[in-house]
Amino acid sequence: MEEVKENVVEPKYILHDPKSPDIFIMLSILKSIGINKFASCLKNEGVQSLVKDITKKKKVNSEDIATIAGVGVLTEVVQVILEGLPLCEDKVYKLLSNTSNLTIEEIKELDAVTFLEMVVEFFTTKTDFIKAAWKLFDKGN
């Protein structure tokens, strides 16, 4: 008797947690795009107002924002990343390669939709990594 094989679709990529060397790539990406653009995401008036209403604090730091208004902030951060991709293309390929099962060449060969999904997934699922980077923006404020 012949065994029937199911049509199993293998994922095009698998993301794993960033490692310490990825911090340097991430910071380089943030610098290329412009730290002020990211800081404005964290200091968005609507987000600040929401957090202040919830916490009744006089000043809200980026960790509070990331915790309470995470999805809204992440959406803005992803938009900034997508707009800034041309400024740091090679760094993004390197970061995604380091944090996935794909080589840089394989990532470059992805169809556009899958590539954008991968970028968005990275920045919306690796929230601990993103929060750690956001803490750098809050220093000195």
Side-chain angles (χ1 to χ4, degrees), residues 1-55 57-141:
M1 183 176 236
E2 244 180 79
E3 188 177 319
V4 177
K5 293 183 181 179
E6 292 182 36
N7 286 339
V8 177
V9 177
E10 294 290 322
K12 292 185 179 181
Y13 62 88
I14 298 169
L15 290 177
H16 55 78
D17 290 334
K19 304 287 186 216
S20 57
D22 300 321
I23 293 168
F24 301 102
I25 299 168
M26 182 67 175
L27 291 175
S28 181
I29 290 170
L30 299 177
K31 183 179 177 185
S32 294
I33 292 173
I35 290 177
N36 291 338
K37 290 182 180 180
F38 290 98
S40 69
C41 293
L42 299 174
K43 298 183 187 321
N44 173 297
E45 287 181 33
V47 172
Q48 286 282 334
S49 177
L50 171 67
V51 174
K52 284 179 185 177
D53 287 345
I54 292 171
T55 63
K57 288 184 174 181
K58 289 185 178 183
K59 183 177 180 187
V60 179
N61 65 38
S62 59
E63 187 172 354
D64 293 331
I65 294 170
T67 301
I68 296 169
V71 174
V73 172
L74 283 175
T75 301
E76 287 191 43
V77 168
V78 168
Q79 180 177 343
V80 169
I81 295 285
L82 292 175
E83 289 173 359
L85 281 179
L87 301 172
C88 52
E89 179 180 353
D90 291 336
K91 295 170 191 169
V92 171
Y93 290 141
K94 176 79 172 147
L95 180 63
L96 293 177
S97 177
N98 284 2
T99 58
S100 76
N101 60 320
L102 302 177
T103 66
I104 290 172
E105 289 307 313
E106 289 171 324
I107 292 171
K108 287 180 178 182
E109 294 299 318
L110 290 173
D111 62 88
V113 171
T114 303
F115 175 74
L116 289 174
E117 287 172 347
M118 188 178 191
V119 171
V120 170
E121 183 179 344
F122 177 86
F123 284 97
T124 58
T125 63
K126 304 304 174 194
T127 55
D128 289 342
F129 183 67
I130 304 300
K131 283 181 188 179
W134 286 343
K135 288 180 183 179
L136 297 174
F137 297 130
D138 202 38
K139 301 294 182 208
N141 290 333

[X] versus [Y]: any side-chain heavy-atom pair under 4.5 Å?
X: F122; Y: P18; result: yes
X: C88; Y: I33; result: yes
X: V119; Y: L96; result: yes

Separation of L110 CG from S100 OG (nearest 0.5 Å):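 Spacing of OG (S100) from CG (L110) equals 8.5 Å.
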Gap separating the CD1 atom of I23 from the OG atom of S28, nearest 0.5 angstrom: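 I23 atom CD1 to S28 atom OG measures 13.5 Å (nearest 0.5 Å).
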K91 to I29 - nearest heavy-atom pair and separation: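 Residues K91 and I29, closest heavy atoms: CB-CG1, 3.6 Å.
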With sequence neighbours excluded, residues passing side chain to side chain contact (heavy atoms under 4.5 Å, CB included) with E121: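 Y13, L15, T125.
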Results of side chain to side chain contact (heavy atoms under 4.5 Å, CB included) for S97 - residues two or more places apart only: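 For S97, the residues satisfying side chain to side chain contact (heavy atoms under 4.5 Å, CB included) (neighbours in sequence not counted) are I104, I107.
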Set of side chain to side chain donor-acceptor pair (under 3.5 Å) partners for T99, sequence neighbours left out: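 Residues passing side chain to side chain donor-acceptor pair (under 3.5 Å) with T99: none at all.
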Residue list, side chain to side chain donor-acceptor pair (under 3.5 Å) with E89, at least two apart or on another chain: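 Checked E89 against side chain to side chain donor-acceptor pair (under 3.5 Å); matches are Y93.
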Ignoring hydrogens and angles, write down the donor-acceptor pairs under 3.5 Å from the side chains of residues 111-118, residues two or more places apart or on other chains.
| from | atom 1 | to | atom 2 | distance (Å) |
| --- | --- | --- | --- | --- |
| D111 | OD1 | V113 | N | 3.3 |
| D111 | OD1 | T114 | N | 2.9 |
| D111 | OD1 | T114 | OG1 | 3.1 |
| D111 | OD2 | K12 | NZ | 3.0 |
| D111 | OD2 | T114 | OG1 | 2.8 |
| T114 | OG1 | K12 | NZ | 3.4 |

Backbone N/O of N101 and side chain of H16: donor-acceptor pair under 3.5 Å: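 No; judged by distance alone, with no hydrogens or angles, the pair does not exist.
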